[in-house]
Amino acid sequence: MNAALQPLEARFEAMTPAWMPAVLRVEQSAYPQPWSERNFLDSLQAGYQAQLLTAGQPEAPELLGYFVAMKGVDEVHLLNITVAPAWQRQGWALVMLDALGVWSRGQGAHWLWLEVRVSNARARSVYESHGFRHVGTRRNYYPASAASPKGEAAIVMSLAL
């Protein structure tokens, strides 16, 4: 049987500083303006919900993706969700969004919020297919880059839980 067709057993585990080298490799391979190690460590120190999605043998797991979310009074704000490029387009983002939704409801949240680059049509499509709705725009939310010298707008999306 083809290895690609064999079932993959994935699991969630808490992001810890020990995972930073793997997380940073994925982050840097997935984005032109990746989060820094400090962004991740500050999120962990603040107590944000930071989960890894891993697969393979427990003694040598492979990182499929991760998310970081901040709890508010009755809402959760998704700060970062990333699927490792080798694992994209296989439904793992939806698995992580489902897990985040379950956790958020358990925390008493009524809403999930996120921002996404205007240019990131693929991510917007994933969020929309999951029920998120476009509720606003933040001009120049993302820093300037070669592709967007004046910065890039973010689409604000929300999901009623």
Side-chain angles (χ1 to χ4, degrees), residues 10-20 22-54 63-85 87-145 147-148 150-161:
R11 62 197 156 280
F12 284 98
E13 61 182 278
M15 184 184 292
T16 64
W19 273 96
M20 280 306 107
V23 168
L24 291 171
R25 275 192 302 278
V26 168
E27 184 76 6
Q28 291 164 359
S29 68
Y31 300 112
Q33 294 178 317
W35 269 27
S36 68
E37 182 175 19
R38 177 73 359 221
N39 293 135
F40 285 105
L41 293 174
D42 287 349
S43 295
L44 294 177
Q45 186 174 25
Y48 295 167
Q49 178 69 349
Q51 291 289 306
L52 306 171
L53 181 63
T54 64
L63 182 60
L64 305 182
Y66 49 84
F67 67 83
V68 178
M70 175 179 66
K71 183 183 176 306
V73 174
D74 66 347
E75 64 187 33
V76 169
H77 193 119
L78 178 59
L79 303 175
N80 185 323
I81 184 169
T82 303
V83 176
W87 295 97
Q88 290 177 0
R89 298 178 188 253
Q90 297 178 37
W92 297 114
L94 295 175
V95 169
M96 290 190 289
L97 288 170
D98 283 342
L100 177 60
V102 168
W103 177 83
S104 299
R105 285 182 193 94
Q107 299 298 305
H110 300 288
W111 293 94
L112 270 175
W113 294 89
L114 62 85
E115 287 89 13
V116 60
R117 288 178 184 274
V118 168
S119 65
N120 196 342
R122 194 167 95 196
R124 289 184 8 232
S125 175
V126 168
Y127 298 138
E128 288 167 359
S129 73
H130 199 72
F132 282 87
R133 298 292 167 246
H134 179 157
V135 296
T137 304
R138 298 187 198 278
R139 293 179 38 178
N140 301 320
Y141 182 78
Y142 293 101
S145 67
S148 302
K150 294 183 179 181
E152 186 173 357
I155 293 176
V156 180
M157 301 184 86
S158 68
L159 173 69
L161 297 174

Do [X] and [Y] touch side chain to side chain, with heavy atoms closer than 4.5 Å?
{"X": "Phe12", "Y": "Val95", "value": "yes"}
{"X": "Gln51", "Y": "Leu100", "value": "no"}
{"X": "Asn80", "Y": "Tyr31", "value": "yes"}

Does the side-chain contact (heavy atoms from CB on, under 4.5 Å) test come out yes or no for Leu78 and Phe132, once each step is laid out? CA-CA 12 Å; Leu78 178 59; Phe132 282 87; 5.5 Å; no
Would you please test Val23 and Leu63 for side-chain contact (heavy atoms from CB on, under 4.5 Å) and show each step? CA-CA 8 Å; Val23 168; Leu63 182 60; 4.0 Å; yes
Pair Tyr142, Gln33: side-chain N/O donor-acceptor within cut-off below 3.5 Å: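 Note: Tyr142 and Gln33 side chains miss the donor-acceptor criterion.
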With distance as the sole criterion, is a donor-acceptor pair present between the side chains of Glu115 and His77 under 3.5 Å?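 Yes.
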When you measure from the side chain of [X] to the backbone of [Y], do you find a donor-acceptor pair of N or O atoms at a distance under 3.5 Å?
{"X": "Gln107", "Y": "Lys71", "result": "no"}
{"X": "Glu27", "Y": "Pro34", "result": "no"}
{"X": "Glu75", "Y": "Trp111", "result": "no"}

Test applied, salt bridge (charged side-chain N to carboxylate O under 4.0 Å, His left out); reference residue, Glu152; option that passes from Arg139, Arg138, Arg117: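 Running salt bridge (charged side-chain N to carboxylate O under 4.0 Å, His left out) over Arg139, Arg138, Arg117 with Glu152 returns exactly one hit, Arg117.
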List the steps, then state whether side-chain contact (heavy atoms from CB on, under 4.5 Å) holds for Arg89 with Arg122. CA-CA 10 Å; Arg89 298 178 188 253; Arg122 194 167 95 196; 2.8 Å; yes
Would you tabulate the side-chain donor-acceptor contacts of residues 153-161 under 3.5 Å, counting partners in other chains and residues two or more places apart, or write 'none'?
none

For the atom pair [atom1] ([X]) and [atom2] ([Y]), what is the distance rounded to the nearest 0.5 Å?
{"X": "Lys150", "Y": "Asn140", "atom1": "NZ", "atom2": "CG", "answer": "8.5 Å"}
{"X": "Leu44", "Y": "Trp19", "atom1": "CG", "atom2": "CH2", "answer": "13.0 Å"}
{"X": "Met96", "Y": "Leu53", "atom1": "CE", "atom2": "CG", "answer": "6.0 Å"}
{"X": "Leu24", "Y": "Ser29", "atom1": "CG", "atom2": "OG", "answer": "10.5 Å"}
{"X": "Thr82", "Y": "Leu52", "atom1": "OG1", "atom2": "CG", "answer": "11.0 Å"}
{"X": "Phe40", "Y": "Tyr66", "atom1": "CZ", "atom2": "OH", "answer": "4.0 Å"}

Listed by chain and number, what are the side-chain hydrogen bond (donor to acceptor under 3.5 Å, both in side chains) partners of Ser36, not counting sequence neighbours?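 Once residues adjacent in sequence are excluded, the partners of Ser36 under the side-chain hydrogen bond (donor to acceptor under 3.5 Å, both in side chains) criterion are Asn39.
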Can Trp35 and Val68 be said to form a side-chain contact (heavy atoms from CB on, under 4.5 Å), step by step? CA-CA 11 Å; Trp35 269 27; Val68 178; 4.2 Å; yes
